Amino acid sequence: MVDAFYKSGEPIADAKAPQGPIEQRWTTRKFEAKLVNPANKRKKKIIIVGTGLAGGAAGATLGEAGYHVVQFCFQDSPRRAHSIAAQGGINAAKNYRNDGDSVHRLFYDTVKGGDFRARESNVHRLAEISTQIIDQCVAQGVPFAREYGGLLDNRSFGGTQVSRTFYARGQTGQQLLLGAYQALMRQVDAGNVELYPRHEMLDLIMEDGRARGVVVRNLLTGEIRHHTADAVVLASGGYGNVYFLSTNAMGSNVTASWRAHRHGAYFANPCYTQIHPTCIPVSGDHQSKLTLMSESLRNDGRVWVPKKGGDTRRPADIPEDERDYYLERIYPSFGNLVPRDIASRAAKNVCDEGRGVGPGGLGVYLDFADAIGRLGRKTVEAKYGNLFEMYERITGENPYETPMRIYPAVHYTMGGLWVDYDLQSNIPGLFVTGEANFSDHGANRLGASALMQGLADGYFVLPTGLGDYIARNNLGPVSETAIAEAETRVTEQIDRLLAIDGDRSVDSFHRELGHIMWEYCGMERTEEGLRKALELIPALRAEFWSRVKVTGTDAELNQQLEKAGRVADFLELGELMVIDALHRTESCGGHFRAESQDEDGEAKRDDENFSYVAAWEWAGSDEQPILHKEALEFEYVHPTQRSYK
Amino acid sequence: MAIAIPKVYRSTVGKKAVMAVTGAILVFFLLAHMIGNLKVFLGADDFDHYSEWLRTMGEPAVPHRTLLTVLEIVLVVAVILHMWSATSLALRARRARPVKYQSRKKSHAQGYATHTMRYGGVIILLFIVWHLLDLTFHVVNPKGDGYTPYERVVADFDASRWYITVWYVLAVVLVGLHLNHGVWSAFNTLGWRTPRNDRTLRGLAFAVAGVVTLGFISVPLSVTFGWVS
Amino acid sequence: MKLTLRIWRQKGPGDKGAMVEYPVDGISEDASFLEMLDVLNEELIAKGEEPVAFDHDCREGICGMCSLVINGTPHGPERNTTTCQLHMRKFRDGEVIDVEPWRAKAFPVVKDLVVDRGAFDRIIKSGGFISAPTGTAPEAHSTPVPKPDADRAFEAAECIGCGACVAACPNGSASLFLGAKVTHLGLMPQGQPERWDRVVSMLETHDAEGFGGCTNTGECTVACPKGIPLDVIGRLNHDYIKATAGGRKQ
């Protein structure tokens, strides 16, 4: 019965991580990796898809190193990549606060925060590199927050007990991305990077089992072109938009990763989805995306709902003893600062009990009245002014006077294409970085860690492994047949989408898929719900391919056509996510199975049976995917049930 | 005729800097000119004597009318450069937006003065031409050659020629508006404006514009209303 | 809400384009301006018509992709707000709303409301960076930055590169965009070595792209969704004059 929806394949081992003490593994790997002769680098071509933190940093670094880089993004400029929207900050084990932080503590926190579903070697490397990232960004002129003495300021973030988060007001992602973008543009100017904005990767060119190039569509003219290279790097971000409503940008998509997956690249842990607890609730059917409010708000805001259900009084009219500050009640030691997954699920639980507030009862209060009373309005304004303004712009309510309403929303996807220690997927020559890969966050990502991982991958990790691959493989030109095959696949799919000429818009399918995913594969997953989704999604996919209406032609800017291709991929990915969620009968991090909880309703891991990475192999549309397990071993941080009480 | 213009002056910022510097020269000239004009209130002798002094300045170190001629050349060059930069920037602006907005584009910033700079500048130029023909070359002056400067001024703004006074006042008001934006703008152009001195600079521009406007219109109005005769 | 939209429709770069009227009904006051356009587009698709093309991505006011001149004002009537964050409660029921693209020679229209802002990338490419090859960076605390400088640099660095300054400027100038980057990098100690070359090179690119010159009208800073102050242009001018007339450029 259990095996009815997938097949089991060979287990995999990440052979690239060196053995030995964990502190020395990265150094060892850097030494063991073969180097490319500097004189040859110019002749080696590398394709990078995406220009966010991971892609932009990689383009700048590889261009500087002397490779011939060809880079694509679907936006009109590399500076628009969605990394720009990250608000809170970036972690680094600098220990500038002298508060007991260290590389080992950051490593420990990240493994634990990831609910023991990440590789120790990778996470340790990430913690080591974290300090270099800050140096690099400061050298680029990133205007981090500073203290009066002129030194960098830090704050505590996302449930950690040390202050290791570097930030630039609420726009850290923007400032880091602009730093990477500017470094990238410098390489464009130097002629080392060929940049193609408004180009979308639609297929991978494969030859002899290796990734040798991509087929892209010029989004302005519709022209289909191929680019061949010695290696391909995907830095195309996460797939949270499978839920339709998420905090991702409208254009964020899984297409680059998914098309690679269809060529055999394993997709790892697709069900690990981070639901961010502090987002602005849905206001109506018109809603196109959800807006995140920085998690830092929980440092001073108190989360509550009315004690009794169906209480429609204005929040100010509800007396103190009729309020339930449920996070403080359930988790007395961490209170409002519990990790994201826990805060999100607690919000869902109180709303499920009928105690939610606002339209549809899908919201909880985040109240600053105490903070304003204690610190004064001025201080609160200095800390959160821009967030309060943003909230007021969107909701029309003034959070200085009435509590904010928040609700969890899909924010980040920990899963992604499977990669080894070198960030290489199981397809030789295909590298995956940043949110697009699955590597470092396990089942749950800590706050301020995404920026760290994206930049670590792009600036520091990728060049080593990629160089090793280039140095070891002297590849000839790509055959015309391989190119023609890939181009044909692309044009055939476009023709097919345009030919359907049905009666339902692309968006209506996306919305419906999102609804299914949120309902059955969202914050809380059950066997029954997941099985239902497993029926609904293939049916919706079939309907999509018979009823979708794509207006316009393929030889112009056609946003409907772009979207249709992306939704087609989401319709396949969604099913895989459900399968992954269904097979993993434990709860861990961003995956909560209702069947696997303790008596207090907390997530219960099953280390005995599920301490592995689930890497899924594509077997064909409407075919059962094949599961490859990569066992996880914990030598340094011993798995314990997380407790934030 | 190709004039080799240094690259820096061909840049948009360079052109604005030229406007700022030449504008400053013209502002100082206006202030001096205005002070001279006010001598009309001290009587005909003072006024005519001042007029004569302009021509004899620097004597006997330099020949008759030398300094005045130098000054005139500086002014002409300043006006030409100011106009050249303005025209070139205006043409550039027109090229920069070949398709106009369909809805009326709303202005949200600054004041009315900002929007008078270009057409105001053209009207001021026309005024200068008329003004030179009137009181420098005496071509359109009712008295003309053979009279004293004082007599020409009094005849010019006679109550019967009220329309000349109106024209003069209008032109001077435009000059005032031009300065109200221009003086402040020059500081920003030269990079001397900071958030801290912004209010001061706006005040300065307003004061200069006000003084120049009042100083210049007081003379024709006084003549027209018969306070000076 | 019931509204009448008059939207610029232009099939492609070579097409002449014109305003076309579309009535929409049943719009929620809580919808954003772009969500209102989504509703219109869904209706157009249902009728088999071509939806309106417009640029947008993050829809949270930071990526700088959205544009639109709404009733003659870039990003619409609300100050310090991008179009994606503008909500329909800022309009009256029954209002006629004009929607146009950014208009500038340097931002050619691609289709409908979509323009090509590649000129901004080319300006950055010509010097809007600090040369710091990966791995060469000194320890972050080795160079303290006075807090006022860091704060002002941040204020300038907030620019999202949307192009509203150009759309608002009567001269079609990108001086605010340019000034913001020159100010950000010029205030950081790390940006000093390239400071003078940077400003000259970036301004030359700005001019070559066909943007107009600044005449200090201040329209840009009012239209800027991030409220980048006009001082950045003063600083741009100052640095440019010092670099050229003052002979600082190498």
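Remember, it's a predicted structure, so these values are computed and weren't measured experimentally. In what follows, chains carry the letters A, B, and so on, assigned in the order in which the sequence lines appear, proteins first and then strands, with residues in each chain numbered from 1.
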Task: Donor-acceptor pair, side chain of B:Arg92 and main chain of C:Phe211, under 3.5 angstrom - done: yes
Task: Nearest atoms (heavy-atom pairs only) where B:Pro98 meets C:Ala104 - done: CD-C, 4.4 Å
TODO: Please name the pair of heavy atoms, one in C:Asn216 and one in B:His181, separated by the smallest distance, quoted to 0.1 Å.
DONE: O-CE1, 3.0 Å
Task: C:Ile241 to B:Ala17 - nearest heavy-atom pair and separation - done: CD1-CB, 3.9 Å
TODO: Go through C:Arg235, C:Met19, C:Glu100, C:Lys105 and name the one with the most non-hydrogen pairs under 4.5 angstrom from chain B.
DONE: C:Glu100
TODO: Keeping the roles fixed (side chain from B:Ser103, backbone from C:Asn71), state whether a donor-acceptor pair exists under 3.5 Å.
DONE: no
Task: More than 12 heavy atoms from other groups under 6.0 Å of NZ on C:Lys16 - done: no
Open item on the list: Is it the case that over 12 heavy atoms from other parts of the model lie below 6.0 angstrom from the NZ atom of C:Lys90?
Closed with: no
Task: Min side-chain heavy-atom separation C:Thr215-B:Met19 under 4.5 Å - done: no
TODO: With a 4.5 Å cut-off on heavy-atom pairs, point out which of C:Val166, C:Leu203, C:Val109 contacts chain B the most.
DONE: C:Leu203
Task: Interchain contact, C:Arg79 with chain B, by part (heavy-atom threshold 4.5 Å) - done: side chain
Task: Heavy-atom closest pair, residues B:Ala96 and C:Gly172 - done: CB-O, 4.1 Å
Task: Heavy atoms of other groups near B:Tyr119 OH, more than 12 under 6.0 Å - done: yes
Task: Whether over 12 other heavy atoms sit under 6.0 Å from B:Tyr9 OH - done: no
- [ ] Verify, without hydrogens or angle tests, whether B:Tyr101 (side chain) and C:Ala167 (backbone) share a donor-acceptor contact under 3.5 angstrom.
- [x] yes
Open item on the list: Can you confirm whether the side chains of C:Asp207 and B:Ser11 place a donor and an acceptor under 3.5 Å from each other?
Closed with: no
Open item on the list: Only pairs of heavy atoms separated by less than 4.5 Å count here; which of B:Arg193, B:Met117, B:Gln102 has the most with chain C?
Closed with: B:Gln102
Open item on the list: Keeping C:Asn237 on the side-chain end and B:Asn188 on the backbone end, is there a donor-acceptor pair under 3.5 Å?
Closed with: yes
Task: Donor-acceptor pair, side chain of B:Arg97 and main chain of C:Cys169, under 3.5 angstrom - done: yes
- [ ] Looking only at non-hydrogen atoms, find the nearest pair between C:Asn171 and B:Arg118 and report the distance.
- [x] OD1-NH2, 2.8 Å
- [ ] With rounding to the nearest 0.5 Å, note down the distance linking CZ in B:Arg196 to CG in C:Asp231.
- [x] 11.5 Å
Task: Contact winner vs chain C - B:Leu190, B:Thr194, B:Leu91, heavy-atom pairs under 4.5 Å - done: B:Leu190
Open item on the list: So which residue, B:Val99, B:Leu89, B:Thr189, ends up with the most heavy-atom pairs under 4.5 Å with chain C?
Closed with: B:Thr189
- [ ] For chain B, find which of C:His238, C:Arg6, C:Arg103 contributes the most heavy-atom pairs closer than 4.5 angstrom.
- [x] C:Arg103
Open item on the list: Heavy-atom cut-off 4.5 Å, strictly under: side chain, backbone, both or neither for B:Lys15 against chain C?
Closed with: neither
TODO: Specify the closest pair of heavy atoms between C:Pro170 and B:Ala93, including all atoms of both residues, with the distance to one decimal.
DONE: O-CB, 4.4 Å
Task: Partner chain B: residue of C:Glu204, C:Glu209, C:Lys242 with the largest heavy-atom pair count (under 4.5 Å) - done: C:Glu204
Task: Atom group of C:Asp98 that falls short of 4.5 Å from chain B, counting heavy atoms - done: side chain
- [ ] Please check if atom CZ in B:Arg10 has more than 12 non-hydrogen atoms from other residues, nucleotides or ligands closer than 6.0 Å.
- [x] yes
